[in-house]
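Here is the naming used below: chain letters follow the sequence lines, and residue numbers restart at 1 for every chain.
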Amino acid sequence: MKTMAMTKTYNRRIVLDLPELELPEGQITAVIGANGSGKSTFAKILGGIDRPDAPHPVLPEISAGYLPQKSFPFRMSVEKNILSNGHDRSRAAELMTALGLGNLAAQSAKKLSGGETARMALARLLMKQYELLILDEPTAAMDMESTLLSENLISHYCQETGCAVLLITHSIQQARRLARQVLFLQQGKLIEQGDTDTVLSKPARAETKQFLEFYGI
Amino acid sequence: MGSSVQKAIELILSADPELLNILSVTARVCLTSSVFALLIGVPLGILLGAERFPGRKVLLVLNRTLTGMPPVVCGLLFYMLFSGVGPFRHLHLLFTVKLMIIAQVVLITPIVIGLMETFVADTSPVLRETARGLGFSRAKEYGLLMNECLYSVFSAYLLAFARAIAEVGAVSMVGGAIAWKTNVMTTAIMMYTNRGSFTLGIALGLILLTLSLLVNIILSVMQGRLSR
């Protein structure tokens, strides 16, 4: 799956300037970079939340699901929140069990903790089958156990459905665990792209090396 | 003072016909105006809070100005429009319950709009991002937003009703506080106090305070239930 080249300008400042990119189907592509590097803007444009400068579509006609950094819990039970994106009750139960939400099904989503809300939001998104899944730091609010459960679920979803997954993450370890391809962004530009092991172990660009050294990699 | 309060309570318990008439006119004016304010104010408040369009900020400033409009100014405006020299004199609405309701709607609708706008402007961006990310239709997105707004709608209604029932300036000017016709609780309290007849005034004051307490109790209970 290819995304078109795109630019985004805020207050006359170019915050994103990306070339055409390939997002392989059935694989997870991680996007890494410091705060303000344009990762979330990229995710929002692909998710149809934000518009690029040029009014052309950046994606072919496909179904895309987008999980924002802060997902909104609708004013209903956890189960109903999940069923708001599909009517398959057995799928909802399966997702709740996989994410450890089984005992919270009847609870009001407004009463969940940050980590629980993030798990519920992921379960709600995965009720449908998409061709492209865009996840903006899906595990940022979770503890390690929940993170691993979620990663496992995302990985299975990607393999089972054959969809392309774009994972925005601050965790280099998470990128290493899940992604086959990594994109490194800095100040809205694509600095380096390639196979995860290569980019994270033997980066070609000095900027990537410096970024990884900062994270102790 | 003590004997006046005792007499006032006896008046309430005896279901005095004049007292009942005042309560009936008050209920008619306040319930009708607050329902109309809700019907007009909720959609406008949601629109101003959820959408961005040219002129939105001007409308917000205008609404805030109207929220703070003194009731007597509103009363004066309607008096001038509907009095013998006003452009709408042929409608013969001055000193009628209908015009009291219209004046109240103009006074309390900005409160409903302001409350809804504040809540929706805070909630809508995050809800919208989530709903669009899930591929929901615009109708479903608005349905979810309405569901989030339930408590705000309810509290906006109660506040609009409380403002309407406590209001005196506009209703006295356009209604004229005519006994058995347009006299509401607040205008009646003023009228009877001016006459030195405190008993009915105290009785009405007690009823007003009780209603205010009830509104607050209902708000507190609903806040707990609807926020779940």
Side-chain angles (χ1 to χ4, degrees), chain A residues 40-41 43-51 59 61-78 80-87 106-112 114 117-118 120-138 163 166 168, chain B residues 38 42-43 45-54 56-57 115-158 218-228:
Chain A
S40 289
T41 307
K44 281 184 183 180
I45 290 174
L46 289 187
I49 307 299
D50 218 340
R51 284 184 183 179
L59 282 170
E61 281 288 315
I62 54 151
S63 60
Y66 163 71
L67 186 72
Q69 263 182 40
K70 275 188 182 174
S71 278
F72 191 88
F74 304 134
R75 203 178 62 82
M76 50 185 83
S77 72
V78 170
K80 283 184 180 167
N81 258 275
I82 294 168
L83 287 168
S84 69
N85 194 29
H87 303 294
Q107 190 172 314
S108 162
K110 297 285 188 196
K111 306 264 175 186
L112 297 179
T117 304
M120 183 206 69
L122 181 64
R124 187 170 59 189
L125 182 72
L126 299 185
M127 281 293 284
K128 268 192 198 150
Q129 196 169 322
Y130 301 100
E131 289 165 86
L132 172 65
L133 200 61
I134 306 140
L135 308 171
D136 194 353
E137 299 189 39
C163 77
L166 187 82
I168 313 291
Chain B
L38 204 71
V42 168
I46 290 178
L47 188 74
L48 282 170
E51 303 296 334
R52 298 290 176 268
F53 52 86
R56 175 181 169 269
K57 285 188 177 172
L115 276 170
M116 294 309 298
E117 186 272 325
T118 308
F119 178 80
V120 171
D122 193 42
T123 309
S124 172
V126 201
L127 184 144
R128 178 166 288 180
E129 193 174 340
T130 299
R132 289 196 181 166
L134 292 165
F136 288 174
S137 67
R138 203 70 188 270
K140 191 166 180 178
E141 185 185 311
Y142 265 91
L144 288 165
L145 187 59
M146 278 305 294
N147 187 42
E148 296 296 323
C149 287
L150 269 186
Y151 171 69
S152 291
V153 172
F154 189 76
S155 53
Y157 176 75
L158 287 183
I218 295 170
L219 261 179
S220 304
V221 172
M222 292 309 285
Q223 187 172 24
R225 288 195 180 173
L226 292 174
S227 63
R228 277 175 215 158

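In this structure, NZ on K128(A) lies 7.0 Å from CG on L134(B), to the nearest 0.5 angstrom. Atom CG in L127(B) sits 12.0 Å away from atom CZ in R75(A) (nearest 0.5 Å). Rounded to the nearest 0.5 angstrom, L67(A) CG and T130(B) OG1 are separated by 8.0 Å.
Ranked by non-hydrogen atom pairs under 4.5 Å with chain A, the options R128(B), E129(B), R132(B) are led by E129(B). Chain B forms the most heavy-atom pairs under 4.5 Å with one residue out of S84(A), A109(A), P73(A), A121(A), and that residue is S84(A).
Surrounding CZ of R56(B) are more than 12 heavy atoms belonging to other residues, nucleotides or ligands, all under 6.0 Å away. Residue K57(B) qualifies as open at atom NZ: its count of foreign heavy atoms under 6.0 Å is 12 or below.
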